[in-house]
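Let me begin by presenting the structure, written as structure tokens, before commenting on it.
Naming convention: chains lettered A, B, ... in sequence-line order (proteins, then strands); numbering from 1 in each chain. All values reported here derive from a predicted model rather than from experimental measurement. Computed over heavy atoms, backbone and side chain alike; hydrogens, waters and symmetry mates excluded.
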2 protein chains.
Amino acid sequence: MKIGELAKRTGCSVQAIRYYEKENLLPSTRRSDGNFRLYDESYIEQLSFIRLCRGLDLSLSEVRQLLSLKNSPGADCDEVNYMMEAHIQQVEARINDLMELNDQLRALRSYCSDQQTVENCGILQSLSSSVDDRPTGDTHDRHNGATFSG
Amino acid sequence: MKIGELAKRTGCSVQAIRYYEKENLLPSTRRSDGNFRLYDESYIEQLSFIRLCRGLDLSLSEVRQLLSLKNSPGADCDEVNYMMEAHIQQVEARINDLMELNDQLRALRSYCSDQQTVENCGILQSLSSSVDDRPTGDTHDRHNGATFSG
DNA sequence: ATTGACTCTATAGTCACTATAGAGTTTAGA
DNA sequence: TCTAAACTCTATAGTGACTATAGAGTCAAT
Ligand SMILES: [Zn+2]
Ligand SMILES: [Zn+2]
Ligand SMILES: [Zn+2]
Ligand SMILES: [Zn+2]
């Protein structure tokens with residue numbers, strides 16, 4: 001099976017598959033005479049595993065860890081648990097952030113009644129007012145927003 | 001006031017301020033003899049406005065729109081409302097996605113009881129199983145994930 | 001032989017910045 | 001006055017997980 005068929009059967013894009021290979025999430029395949037990648041059925045499962053993890057918002061680096069654990073069946077699964085726990089907590093923190101954000105947005109929206117001019121718009125007025133009792137911001141970090149210092 | 005002081009007083013990084021200028025969210029300033037940017041007090045408010053919007057997860061392009069509306073006080077504020085509405089809906093959709101995701105993650109976590117080997121880990125087993133009745137994924141799009149076709 | 005569909009690599013772009021290099025400027029103290 | 005520290009400047013590369021594109025090659029059918 002060539003890459004296009006694999007893409008179609010897994011719902012991935014062709015470029016994503018090549019990207020996963022480059023990032024060592026999928027092992028390199030043999031190639032045809034014309035240098036086309038040739039996949040066997042096992043790749044469907046492997047790629048589906050990755051897709052599933054991505055659907056759970058796991059980062060590629062987390063998926064890489066899971067894959068490497070999958071390949072050491074004797075190890076115990078502390079690491080899996082630890083990662084899942086950390087991931088869940090991140091997701092929950094993000095949910096809390098967003099819900100707080102949502103409250104603020106709704107409050108803001110309520111400041112604007114119908115058909116006013118921008119000049120009198122409560123939304124813009126509120127956004128332009130002083131910011132003293134607001135949180136410091138930066139609470140809405142992305143999943144892997146590490147500060148890389150090397 | 002030089003850029004460092006503005007940064008300190010607003011909680012922005014120096015680079016972010018320069019970035020906002022480059023992206024036309026902040027007007028260019030006059031410069032000192034040595035080509036340093038010089039800001040007056042009004043920039044504190046302007047930058048705070050931007051920060052506040054960003055704290056609400058508004059994209060820079062949305063902030064740009066708000067700023068340009070702020071500068072046409074006679075216009076009516078339909079556009080503000082429309083944008084806020086769309087933004088709120090995006091945030092709420094994202095919250096719903098994440099809550100569904102969270103349920104899945106918690107279910108997954110419950111499959112692993114204490115101290116098992118990877119081989120027997122319910123989490124990995126579940127992730128490796130077939131994917132038939134799962135959603136198609138790609139529901140967790142980022143804020144501005146437009147497909148630019150130009 | 002040619003068309004069209006597919007594939008290849010390499011590269012640039014997305015977003016909102018951060019980090020760095022290498023240069024110049026200003027300020028304080030010796 | 002010299003110098004060192006602290007600051008600023010521009011320009012460029014990097015972040016994540018891809019998408020989009022260019023320009024070339026491959027393959028099957030006509
Ligand atoms: Zn995670
Ligand atoms: Zn209004
Ligand atoms: Zn928005
Ligand atoms: Zn387990």
Side-chain angles (χ1 to χ4, degrees), chain A residues 1-26 28-39 47 50-51 53-64 87 90 94 137-150, chain B residues 1-26 28-39 47 50-51 53-64 87 90 94 137-150:
Chain A
M1 155 175 45
K2 282 182 290 183
I3 198 168
E5 192 187 335
L6 181 62
K8 212 163 277 170
R9 288 177 62 185
T10 56
C12 277
S13 75
V14 166
Q15 298 103 303
I17 296 173
R18 290 198 279 245
Y19 177 71
Y20 292 154
E21 181 186 326
K22 190 158 75 75
E23 295 293 311
N24 296 315
L25 290 152
L26 282 175
S28 312
T29 53
R30 67 201 165 88
R31 301 289 186 105
S32 74
D33 288 348
N35 200 32
F36 288 7
R37 290 170 181 82
L38 296 176
Y39 300 94
L47 197 44
I50 296 172
R51 289 267 297 167
C53 292
R54 295 287 304 129
L56 297 171
D57 242 14
L58 292 159
S59 69
L60 287 191
S61 131
E62 287 168 324
V63 179
R64 229 190 315 265
H87 188 72
Q90 285 231 8
R94 180 75 178 141
D138 281 359
T139 48
H140 306 300
D141 266 339
R142 292 301 183 208
H143 190 111
N144 284 310
T147 61
F148 29 92
S149 61
Chain B
M1 166 173 37
K2 283 181 291 182
I3 199 169
E5 193 188 336
L6 181 63
K8 214 162 273 169
R9 287 177 63 186
T10 55
C12 277
S13 75
V14 165
Q15 297 103 303
I17 296 173
R18 291 198 279 244
Y19 178 71
Y20 292 154
E21 182 187 324
K22 190 159 74 76
E23 295 293 313
N24 296 316
L25 290 152
L26 282 174
S28 312
T29 54
R30 66 200 165 88
R31 300 290 185 106
S32 73
D33 288 349
N35 199 33
F36 288 8
R37 289 169 181 85
L38 295 177
Y39 300 95
L47 197 43
I50 296 171
R51 289 267 297 165
C53 293
R54 294 288 303 129
L56 297 171
D57 243 13
L58 293 160
S59 69
L60 287 192
S61 130
E62 286 167 325
V63 179
R64 230 190 315 265
H87 188 72
Q90 284 230 8
R94 180 72 178 145
D138 282 356
T139 47
H140 305 299
D141 265 340
R142 291 305 181 206
H143 190 111
N144 283 310
T147 60
F148 28 91
S149 60

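- Rounded to an integer number of Å, the gap from B:Gln90 CD to C:dC15 P is 13 Å.
- Minimum heavy-atom separation, B:Cys12 to B:Arg51: SG-CD, 3.1 Å.
- Atom CG of residue A:Leu56 and atom NE2 of residue A:His87 lie 6.5 Å apart, to the nearest 0.5 angstrom.
- B:Arg51 places its CZ atom 12 Å from the C1' atom of C:dC17, with the value rounded to the nearest Å.
- Rounded to whole angstrom, the span from the CG atom of B:Asp57 across to the P atom of C:dC15 amounts to 15 Å.
- Under the side-chain contact (heavy atoms from CB on, under 4.5 Å) criterion, B:Glu21 pairs with B:Ser28, B:Arg31, B:Arg37, B:Tyr39, not counting sequence neighbours.
- When rounded to the nearest whole Å, the span between CG of B:Leu56 and C1' of C:dA16 equals 16 Å.
- Between the CZ atom of A:Arg54 and the P atom of D:dG16 there is a distance of 12 Å, rounded to whole Å.
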message: Output one letter per nucleotide in nucleotides 21-28 of chain C: B when a protein non-hydrogen atom lies under 4.0 Å from the base, S when only the sugar-phosphate is that close, - when neither is.
response: ---BSS--
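- Within the model, atoms OG1 of B:Thr29 and CG of B:Leu6 stand 9.5 Å from one another, a figure rounded to the nearest 0.5 Å.
- Nucleotide D:dA17 holds its C1' atom 13 Å from the CD1 atom of A:Ile50, rounded to whole Å.
- In this structure, B:Cys53 and B:Glu62 have side chains that are not in contact, with every pair of non-hydrogen atoms separated by 4.5 Å or more.
- Distance CD1/A:Ile17 to CD1/A:Ile50: 9.5 Å, rounded to 0.5 Å.
- With rounding to the nearest 0.5 Å, the separation of CZ in A:Arg18 from CD1 in A:Ile3 is 5.0 Å.
- B:Tyr20 pairs by the ring pair (Phe, Tyr, Trp, His ring centres under 6.0 Å) definition with nothing, not counting sequence neighbours.
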I'd like a table of atom pairs between the protein and nucleotides 1-5 of chain D - only N or O on both sides, under 3.5 Å - with the distance next to each one.
none

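- Phosphate contact (OP1/OP2 of C:dC8, side-chain N/O of A:Arg37, threshold under 4.0 Å): present.
- Closest of all the heavy-atom pairs between A:Gly4 and A:Val14 is CA-CG2, 4.2 Å.
- Within a heavy-atom distance below 4.0 Å of DNA chain C, the residues of residues 18-26 of chain A found are A:Arg18.
- The structure places CD of B:Gln90 at 10.5 Å from CG of B:Leu58, a figure rounded to the nearest 0.5 Å.
- Contact annotation: the side chain of A:Leu38 approaches that of A:Lys2 to within less than 4.5 Å [non-hydrogen atoms, C-beta and beyond].
- The interatomic distance linking A:Ile17 (CD1) with D:dA17 (P) rounds to 17 Å, in whole Å.
- Direction change of the helix axis from one end of the helix from C:dA1-D:dT30 to C:dA30-D:dT1 to the other is 30°, with five pairs defining each end axis (rounded to 10°).
- Across every non-hydrogen atom of A:Ala7 and A:Ser13, the tightest pair is CB-C, 4.2 Å.
- Atom CG in B:Leu47 sits about 16 Å away from atom P in C:dA16, given to the nearest Å.
- Side-chain N or O atoms of A:Arg54 include none that pairs as donor or acceptor with a backbone N or O of A:Val63 at under 3.5 Å.
- The shortest distance between the side-chain N/O atoms of A:Arg31 and the OP1/OP2 oxygens of C:dT9 is below 4.0 Å.
- If you check D:dT8, C:dT18, D:dC18 against the side chain of B:Ile3, the one that comes closest is D:dT8.
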